[in-house]
There are 2 protein chains.
Amino acid sequence: MFELQQLQQLIAVAEAGTLSAAAEKLHISQPALSRSMQKLEEHFEAPLFTRTKNRMTLNETGLCAVQYANHVIETATAFDDAVHEKIRSLTRIAVGASAPGPLWLLMPQVSREAPGMMLSSVISENEASLESGLKNETYRLVLISHPIEDTHILCKRYTSEQLFVSFPIGHPLASRKGILAKDLAGLTMLLFSNLGVWTHFHERMTDTHFILQTDRQAFSDLVTASVLPSFVTNISKNNQNPQKDRIIVPLLDADAKKTFYLCARRNDKALFDHIRPRL
Amino acid sequence: MFELQQLQQLIAVAEAGTLSAAAEKLHISQPALSRSMQKLEEHFEAPLFTRTKNRMTLNETGLCAVQYANHVIETATAFDDAVHEKIRSLTRIAVGASAPGPLWLLMPQVSREAPGMMLSSVISENEASLESGLKNETYRLVLISHPIEDTHILCKRYTSEQLFVSFPIGHPLASRKGILAKDLAGLTMLLFSNLGVWTHFHERMTDTHFILQTDRQAFSDLVTASVLPSFVTNISKNNQNPQKDRIIVPLLDADAKKTFYLCARRNDKALFDHIRPRL
DNA sequence: GATTCTTACGTCCCACGTAATAATA
DNA sequence: TATTATTACGTGGGACGTAAGAATC
């Protein structure tokens, strides 16, 4: 049987036009490539090139072979990719979530339940894409703010997250027992980006000015260093170093509290069951 | 890149169940196969088998790989076949004819015009299949008893063939200047098989008894040795050793004379034009 | 003379088979 | 004990690169 390498070389020669150029592209010597093509011709017991003394051109057979060779290489590459992807899917747990907070709770638990596995996570405000990502095996676990009704999907309440506003001591609103989003009109606030579905909450607050920070550490430093109010949740309060000199006031709007659901495919029941809700 | 051979080996292992059995089937040693599979695993940087001390079983990745590997091998085999077929079609001239006589005239001409090419010929009474065979490149040349009207097909009168009956000297009908098929009613005749469209002629002669001979030499010997009448044509007269002690009488039926047309695809004009009609 | 392909030649690596090892049924 | 897979080891063939040759532009 011929070798895949020979087909790749044949294609390279067809693309480069000359043996020399193809050999250079393939990082082998011209004689090596010459012999390799001769071997291929021996295999087929027919010439693939018309040869003059210092020129080699694909003949009709060769052109036909190049066409098919491309197809073979494509198939072989697809094989390679598919197996690698299979391996990745068996050694990696991808988690999708529509908010960072619940994800902070979940990831350590997954890590504990699946030691040695590579973990990756994605935050997206698009819960429909997370749901379809779960179904098409892009994600093994998904956290979203509504349950999925589907016989192939396992789903349970995982945790709830409540928004607060963090004011510096002495801020006019710091003394309130609770406030509404509209009370923040006219203020300038610090906002961490990539907040998943929470994005929808502050998108409605068109009268408040937000300074967006994409870097988590920079955001944290800014909060401590400035007197600007920022958002906090019941989860982020516990997961980050506590902010001194700050008063936390709950947001009373209906959509300032969300329940997140953990979802997995039915065939992943073992992993799903091992992960305890954090209510 | 991995090797096609490794994929074939992987498939063999999957089918055989054990390395030993697969190695035997592949005519290589167990250690060689063991190492080859290890190489494949190295390539993927992941195990394809679950191993106990004296047992090797495909794991989920391996099973997945086997599936895809089958597809790759199929594609590679198709490539091999396609190129070989291309080579065959470029080194062989297949001729289809609806009668042996005109073919006897044609083949030496083709041989002279295409030296070094492999020649093959088929005789068929089904002229429609010959025509479609020409169009789908099964045949490069076709001889049939009617012209083809098609812009993609070249067609010209090639030769005519006239039937005679060969009688031994002294036969009651031997003195006739000409006879009709119905005059042969009640006689027993020698008939060579595989006569293409001429088959239709003697199929109508239900009152004549035919002794069929499939072997050309045996037929010839029988004609010389027996006193039975047989068919002859203007072409076979010249192409075979002349029959001593025989009188030849022309058949006067309308369909005892046929004109044969040489047909080729338009893109084959060079070959077509080089072949002179034999009228 | 520069380019291009082929042939010749020497080298080195790799894949093989044999043999030995280890574990299991 | 027979079967099965892996490891160790020595060998031979093959593919490579360098160098030389031949022909063309």
Side-chain angles (χ1 to χ4, degrees), chain A residues 1-63 65-66 69 72-73 76 80, chain B residues 1-63 65-66 69 72-73 76 80:
Chain A
M1 185 63 105
F2 54 89
E3 309 268 354
L4 284 180
Q5 204 184 6
Q6 289 176 295
L7 301 195
Q8 291 175 314
Q9 291 170 348
L10 177 66
I11 292 167
V13 172
E15 286 173 353
T18 69
L19 271 193
S20 331
E24 189 168 4
K25 187 159 64 174
L26 294 167
H27 307 294
I28 60 174
S29 66
Q30 287 154 8
L33 185 55
S34 177
R35 279 189 302 260
S36 190
M37 293 298 94
Q38 287 169 19
K39 284 257 170 194
L40 203 54
E41 291 179 304
E42 282 172 30
H43 168 77
F44 288 121
E45 298 174 329
L48 300 175
F49 302 89
T50 59
R51 293 171 156 80
T52 67
K53 277 299 173 186
N54 77 339
R55 201 79 202 171
M56 232 176 96
T57 321
L58 284 162
N59 64 17
E60 192 173 341
T61 312
L63 288 169
V66 168
V72 175
I73 295 300
D80 204 33
Chain B
M1 185 64 103
F2 54 88
E3 309 268 355
L4 284 180
Q5 201 184 10
Q6 288 177 296
L7 301 194
Q8 291 175 313
Q9 291 169 348
L10 177 67
I11 293 167
V13 173
E15 286 174 352
T18 69
L19 271 193
S20 331
E24 189 168 5
K25 187 159 61 174
L26 294 166
H27 306 295
I28 59 173
S29 66
Q30 287 155 7
L33 185 55
S34 177
R35 279 188 303 260
S36 189
M37 293 298 95
Q38 286 169 20
K39 283 257 171 193
L40 203 54
E41 290 178 304
E42 281 172 31
H43 167 78
F44 288 120
E45 297 174 330
L48 301 174
F49 302 89
T50 59
R51 294 170 155 81
T52 66
K53 276 297 174 188
N54 76 340
R55 204 76 203 171
M56 230 174 99
T57 320
L58 283 162
N59 64 17
E60 194 174 340
T61 312
L63 289 169
V66 168
V72 175
I73 295 300
D80 204 33

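Predicted model only: the values in this text are computed from it and were never measured. Below, each value reflects all heavy atoms present in this structure, side chains not excepted, and no hydrogens, waters or symmetry copies. Order of the sequence lines sets the chain letters (A, B, ...), proteins ahead of strands, with each chain counted from 1.
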K.L.:
Just to be sure I understand the geometry, which residues of residues 15-32 of chain B put a non-hydrogen atom under 4.0 Å away from DNA chain D?
P.N.:
Thr18(B), Leu19(B), Ser20(B), Pro31(B)
K.L.:
So, using side-chain hydrogen bond (donor to acceptor under 3.5 Å, both in side chains) as the criterion, who are the partners of Glu60(A) when residues are at least two apart?
P.N.:
Lys86(B)
K.L.:
Among all residues two or more places apart in sequence or in another chain, which pass the side-chain contact (heavy atoms from CB on, under 4.5 Å) test with Asn59(B)?
P.N.:
Pro47(B), Thr50(B), Thr61(B)
K.L.:
Hey, can you pull the residues of residues 45-54 of chain A with a non-hydrogen atom under 4.0 angstrom from DNA chain C?
P.N.:
Arg51(A), Asn54(A)
K.L.:
Axis-to-axis angle across the helix from dG1(C)-dC25(D) to dA25(C)-dT1(D), five pairs an end, to 10 degrees?
P.N.:
20°
K.L.:
Ser34(A): which residues meet the side-chain hydrogen bond (donor to acceptor under 3.5 Å, both in side chains) condition with it, sequence neighbours left out?
P.N.:
Gln38(A)
K.L.:
Taking all heavy atoms of Leu33(B) and all of Ala22(B), pick out the closest pair and write down the distance.
P.N.:
CD2-CB, 3.7 Å
K.L.:
Hey, could you give me each pair passing ring-ring contact (aromatic ring centres under 6.0 Å, His included) that has a residue in residues 2-22 of chain B? Not counting sequence neighbours.
P.N.:
Phe79(A)-Phe2(B), Phe2(B)-His43(B)
K.L.:
Please list, chain by chain and in numerical order, all residues satisfying side-chain contact (heavy atoms from CB on, under 4.5 Å) with Arg55(A), sequence neighbours excluded.
P.N.:
Thr18(A), Thr52(A), Thr57(A)
K.L.:
Walk along DNA chain C from 5' to 3' and tell me the first and last nucleotide with an atom closer than 4.0 Å to a non-hydrogen atom of chain A.
P.N.:
dT3(C) to dA8(C)
K.L.:
Let me spell it out: for each of Arg35(B) and Gln9(A), pick the nucleotide of DNA chain D with the closest heavy atom. Which residue's pick is nearer the 5' end?
P.N.:
Arg35(B)
K.L.:
Identify the heavy atoms of Gln6(B) and Leu40(B) that sit nearest to each other, and give their distance.
P.N.:
NE2-N, 3.6 Å
K.L.:
Heavy atoms only: give me the nearest Leu10(B)-Met37(B) pair and the separation to one decimal.
P.N.:
N-CE, 3.7 Å
K.L.:
Mind listing the closest non-hydrogen atom pair of Ala16(B) and Ala21(B) along with its distance?
P.N.:
CB-CB, 3.8 Å
K.L.:
For Glu41(A) and Phe49(A), work out which heavy atoms get closest and say how close.
P.N.:
OE2-N, 3.3 Å
K.L.:
With sequence neighbours excluded, what pairs up with Glu24(A) under the salt bridge (Lys or Arg N to Asp or Glu O under 4.0 Å) test?
P.N.:
none
K.L.:
Taking only residues two or more places apart in sequence or in another chain, which ones pass side-chain contact (heavy atoms from CB on, under 4.5 Å) with Ala46(A)?
P.N.:
Ile87(B)
K.L.:
Looking at Glu15(B) and Lys25(B), is there a salt bridge between them, counting it only when a charged N and a carboxylate O are closer than 4.0 Å?
P.N.:
yes
K.L.:
Which heavy atom in Leu4(A) sits nearest to a heavy atom in Ile73(A), and how many Å separate them?
P.N.:
O-CD1, 3.8 Å
K.L.:
Would you grab the first and last nucleotide of DNA chain D (5' to 3') that comes under 4.0 Å of any non-hydrogen atom in chain A?
P.N.:
dA15(D) to dT24(D)
K.L.:
Please examine the side chains of Met1(A) and Gln8(B), heavy atoms only from C-beta on, and report whether any two atoms are closer than 4.5 Å.
P.N.:
yes
